[in-house]
Enquirer: 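Pasting a structure below so you can have a look.
As a basis for the values below, the full set of heavy atoms in this structure was taken, side chains included, without hydrogen atoms, waters or symmetry mates. Proteins get letters first, then strands, A, B, ... in listed order; numbering begins at 1 in each.
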There are 2 protein chains.
Amino acid sequence: MSAKSKRKSTRPSRGQAGAGSRRVTLAQVAEAAGVSRSAASFVMTGRTDQRISEETQARVRSAAATLGYRPDVTSQILRTGQSGTIALVSEFVASTPYANRIIGAALDQARKHDTVMFIAETLGEKDTEERLLHNLLDRRVDGFVYASMFTQNVTIPDVLRGVPLVLLNCCASDDRVPMVIPDEVGAGRTAAQALLRHGHRDRIHYIGGPTSDFRGGPEWGGRVGTAVLDRLAGVKEELAHANLRLAGISETDNWEPRNGREAVANLLAHGTRPTALICANDRLAFGAYQALAAAGLRIPEDVSIVSFDHSDLAGWLQPSLNSIALPHEEMGALAVDLLMSEKPRTGKHAIRMTLHQGNSISTPHPS
Amino acid sequence: MSAKSKRKSTRPSRGQAGAGSRRVTLAQVAEAAGVSRSAASFVMTGRTDQRISEETQARVRSAAATLGYRPDVTSQILRTGQSGTIALVSEFVASTPYANRIIGAALDQARKHDTVMFIAETLGEKDTEERLLHNLLDRRVDGFVYASMFTQNVTIPDVLRGVPLVLLNCCASDDRVPMVIPDEVGAGRTAAQALLRHGHRDRIHYIGGPTSDFRGGPEWGGRVGTAVLDRLAGVKEELAHANLRLAGISETDNWEPRNGREAVANLLAHGTRPTALICANDRLAFGAYQALAAAGLRIPEDVSIVSFDHSDLAGWLQPSLNSIALPHEEMGALAVDLLMSEKPRTGKHAIRMTLHQGNSISTPHPS
DNA sequence: GTCAAGGGCTAACCCGATATAGCAGTCGGG
DNA sequence: CCCGACTGCTATATCGGGTTAGCCCTTGAC
């Protein structure tokens, strides 16, 4: 009853209890219907170029139904070279709670295309990645979604040359590959707009730099994310458009609540009193909430906050946080669609990030 | 370059660019080494019962290496009936951020067993589930981990009869199936102990009943969770052991921050002043933090809090939350181990839930 | 009555591996 | 000198389907 059986001791299981036993084969269906295997195959695959009488077709189909016939996908793959299987390969998308709604949407979309999806995690290790990719190719996977936890530039592994491929939440220099990425610049503009609309002008602070590249901590392999730069660039653009600029940028090593807390506490300790904060993600915003509460400042009356990600956290906070959604579901679904699409739709597909209303923004009350 | 090709128009791809092309076959290796396919196969599979001279073995291996031979897993499966593949099937584990660290651990463990793992999500729909299971069986999956988002009783689908199976975070009446579940009763006792140790006695409140069955909202298919009952039962047991009992239980429809907030606000509004709260999960505890802050009460000086799950949230809160971990990683890994284990280890495997220290508990200050 | 066209099917091969039976050659013993 | 045992390998069947070539039979036209 174990899933593992040493290959050595395994004889092609016959009648043995287990996942592979007691399957009805096409030959049995053919025999029951009194036709040849070929005829049965024609009927089951619905080949129209082969002439089988309606009556025979009915006999075969009924035999298949009564016997509970299900074709063995393995042998179909062997013959056709097509597995009806795709794979989603990432470093941490499935195993961490940050971007994993991607998974649900991708699985769902794959199902709509009548395809099964493998999910593999490389943990950011190049050799693990190569082993996994090889293994999947050995199983005749039809195509790959190559996904990343956070938006970044990647190098496409050599093994994937010539294989149908879509990049998800990451970019490569090769423009013939379809890529799905969030429109971070647009999101930055949206964030700035939301504050400008309420009359915030020159005391808007940004939390969550750094202005230069963001490197993930050791757990993310120390790689460089691009979302950081783009969010900030969008904010600056929109402000510049109104002849304004950020009052300041608080660079943080990481994007956890602790970092937001410390950054805001620091601002306040130095006598800086922003009217609004733009936080690079909801966790930083959470930290900002904590620091402001500790200082006796109210949100949004004293300080307005807008943030990015629209994770569950945004709805948990009080007041609820205005946050610009990272459209993970949409991205996952589109990536699979692109992979299954007949005509290649190469290049970058930027997904719009939309602002989810909360109660963390109001007009500034000059103190 | 698309992953989808209509079967009708597909001829067995030869030399065509794509995932299945240009593979080196065993026959080519055999020819290059000047031996028969059989001999090459014996060498590659390392069969010791067949006699092949060291010299020939070396020739075959070197030929395989130079040609970059990789066995076609599909045909191996067809012949051996063993796919080296398992599947983790759940309703929402992979696609929601609550229990998905299970996935990472399971994938990791599968990899250690040199096995690839399919992940499938049924969204709680019985017909979707059946389609998925059939599809996976058609691919000769060696075994299944049948997992659930939250601990509950399930009925094992008929399709899985006779197939290697492990239940993860759920229980069935059939005792011949290995089941991995968290020790919720023990966790309840641990929670109570933590408070008793600090001298809390008769003003301990529990947030997050109900005392009867917990039914998930529509998004969880309205099914009954058992964790609820067990956590509470453990708490009561431990208190009873010290001749104490809960001062009260606040039943909540759901386990979100809002529910915790309202429950605690309600308590306080009615003049009830607990010295300690036991919250059924971290999100409820978060709500409790908010309600207590709004009432000007401090944690832990005025009210101590202990909770369950030890999600990231516990570390984000200030003061950090004492929370009893739901050992998702451990559970995912053990489930895969049990599935791959040679000798069946049937029945329930309760995983200990351990308290992670925070700063949310102190000795009660009588007011 | 003969032949071509087409309808309705079957035989045989193929995908790429594993598994089993058996065949040449060598060596040692009687 | 013959036989058996052993070594080292090959030929062939097999897994479960898909695909191609071609066979037989009927029909209709000439």
Side-chain angles (χ1 to χ4, degrees), chain A residues 5-14 20-31 33-60 64 67 69-84 138-140, chain B residues 7-15 20-31 33-60 64 69-84 138-140:
Chain A
S5 315
K6 296 272 182 287
R7 275 279 160 78
K8 313 181 176 191
S9 63
T10 304
R11 57 191 63 235
S13 56
R14 303 261 86 231
S21 68
R22 292 213 183 290
R23 289 193 64 94
V24 177
T25 70
L26 185 59
Q28 291 171 36
V29 172
E31 195 186 0
V35 295
S36 69
R37 277 204 347 263
S38 319
S41 173
F42 295 145
V43 173
M44 297 315 291
T45 50
R47 282 188 51 167
T48 49
D49 58 327
Q50 293 287 335
R51 298 160 299 228
I52 307 283
S53 69
E54 286 297 338
E55 192 205 319
T56 305
Q57 291 191 31
R59 271 214 320 284
V60 172
L67 292 176
Y69 170 70
R70 298 187 58 90
D72 182 323
V73 177
T74 304
S75 55
Q76 290 181 317
I77 299 173
L78 181 58
R79 187 65 236 253
T80 63
Q82 225 86 44
S83 67
D138 293 347
R139 281 159 209 278
R140 294 284 170 96
Chain B
R7 276 278 159 81
K8 314 181 172 191
S9 63
T10 305
R11 58 192 63 235
S13 56
R14 300 262 89 230
S21 67
R22 293 212 181 292
R23 290 193 65 94
V24 177
T25 70
L26 185 60
Q28 291 172 38
V29 172
E31 195 185 2
V35 296
S36 69
R37 280 202 343 263
S38 318
S41 173
F42 294 146
V43 175
M44 296 315 292
T45 50
R47 283 187 52 165
T48 49
D49 58 327
Q50 292 288 334
R51 295 159 303 227
I52 307 284
S53 68
E54 285 298 337
E55 191 204 322
T56 306
Q57 291 192 32
R59 271 213 321 285
V60 171
Y69 170 71
R70 297 187 60 89
D72 182 321
V73 176
T74 303
S75 56
Q76 288 181 318
I77 298 173
L78 181 58
R79 186 66 237 251
T80 63
Q82 225 87 44
S83 66
D138 292 346
R139 282 157 207 280
R140 295 284 171 94

Enquirer: Return no unless some side-chain N or O of Gln76(B) is found under 4.0 Å from OP1 or OP2 of dT18(C).
Expert: yes

Enquirer: Atom CD1 of Ile77(B) to atom P of dA19(C): distance rounded to whole Å?
Expert: 14 Å

Enquirer: To the nearest Å, give me how far apart CD (Gln28(B)) and C1' (dA17(C)) are.
Expert: 13 Å

Enquirer: Hey, which of these two, Ala40(A) or Ala40(B), hits DNA chain D nearer its 5' end, going by closest nucleotide?
Expert: Ala40(B)

Enquirer: For a 4.5 angstrom cut-off between non-hydrogen side-chain atoms, does Val24(B) reach Val29(B)?
Expert: yes

Enquirer: Any chance you could measure Leu78(A), atom CG, to Gln76(B), atom CD, to the nearest 0.5 Å?
Expert: 11.0 Å

Enquirer: Please determine if a side-chain N or O atom of Ser53(B) lies less than 4.0 Å away from the OP1 or OP2 oxygen of dC9(D).
Expert: yes

Enquirer: Rounded to the nearest Å, what distance is computed from the CD atom of residue Gln50(B) to the P atom of nucleotide dA11(D)?
Expert: 15 Å

Enquirer: Counting distance alone, no hydrogens or angles: does the base of dA11(D) have a donor or acceptor under 3.5 Å from a partner atom on the side chain of Ser36(B)?
Expert: no

Enquirer: Is the phosphate of dA17(C), meaning OP1 or OP2, less than 4.0 Å from a side-chain N or O of Tyr69(B)?
Expert: yes

Enquirer: Just to be sure I understand the rule, does Ser38(B) reach a base, reach only the sugar-phosphate, or reach nothing, if contact means heavy atoms closer than 4.0 Å?
Expert: base

Enquirer: Ignoring backbone atoms, establish whether Ser41(A) has a side-chain N or O less than 4.0 Å from OP1 or OP2 of dG17(D).
Expert: no

Enquirer: To the nearest angstrom, how far is Arg47(B) atom CZ from dT20(C) atom C1'?
Expert: 8 Å

Enquirer: To the nearest Å, how far apart are Arg140(B) CZ and dC15(D) P?
Expert: 11 Å

Enquirer: Any side-chain N or O of Arg79(A) less than 4.0 Å from the OP1 or OP2 oxygen of dC15(C)?
Expert: no

Enquirer: Could you state the atom-to-atom distance from CD of Glu55(A) to P of dG7(C) in whole Å?
Expert: 17 Å

Enquirer: Locate the shortest heavy-atom distance separating Gln57(A) from Ile52(A); write the atom from each residue and the value.
Expert: NE2-O, 3.0 Å

Enquirer: Look at the side-chain N and O atoms of Arg37(A) and state whether any lies under 4.0 Å from the OP1 or OP2 oxygen of dG17(D).
Expert: no

Enquirer: Are the side chains of Val73(A) and Arg140(B) in touch, meaning some heavy atoms are under 4.5 Å apart?
Expert: no

Enquirer: Kindly give the heavy-atom pair with the smallest separation between Leu26(B) and Arg37(B), and that separation in Å.
Expert: CD2-O, 4.0 Å

Enquirer: Respond yes when some side-chain nitrogen or oxygen of Thr56(B) is under 4.0 Å from OP1 or OP2 of dC9(D), and no when none is.
Expert: yes

Enquirer: Go through dT7(D), dT10(D), dG16(C) for me and flag the one nearest to the Arg51(B) side chain.
Expert: dT7(D)

Enquirer: Send over the distance from Leu78(B) CG to dA19(C) P, rounded to a whole Å.
Expert: 12 Å

Enquirer: Check every atom of dT10(D), dG16(C), dG7(C) against the side chain of Val35(B) and return the nucleotide holding the closest atom.
Expert: dT10(D)

Enquirer: Whole angstroms only, please: what is the CZ-C1' distance between Phe42(A) and dT19(D)?
Expert: 7 Å

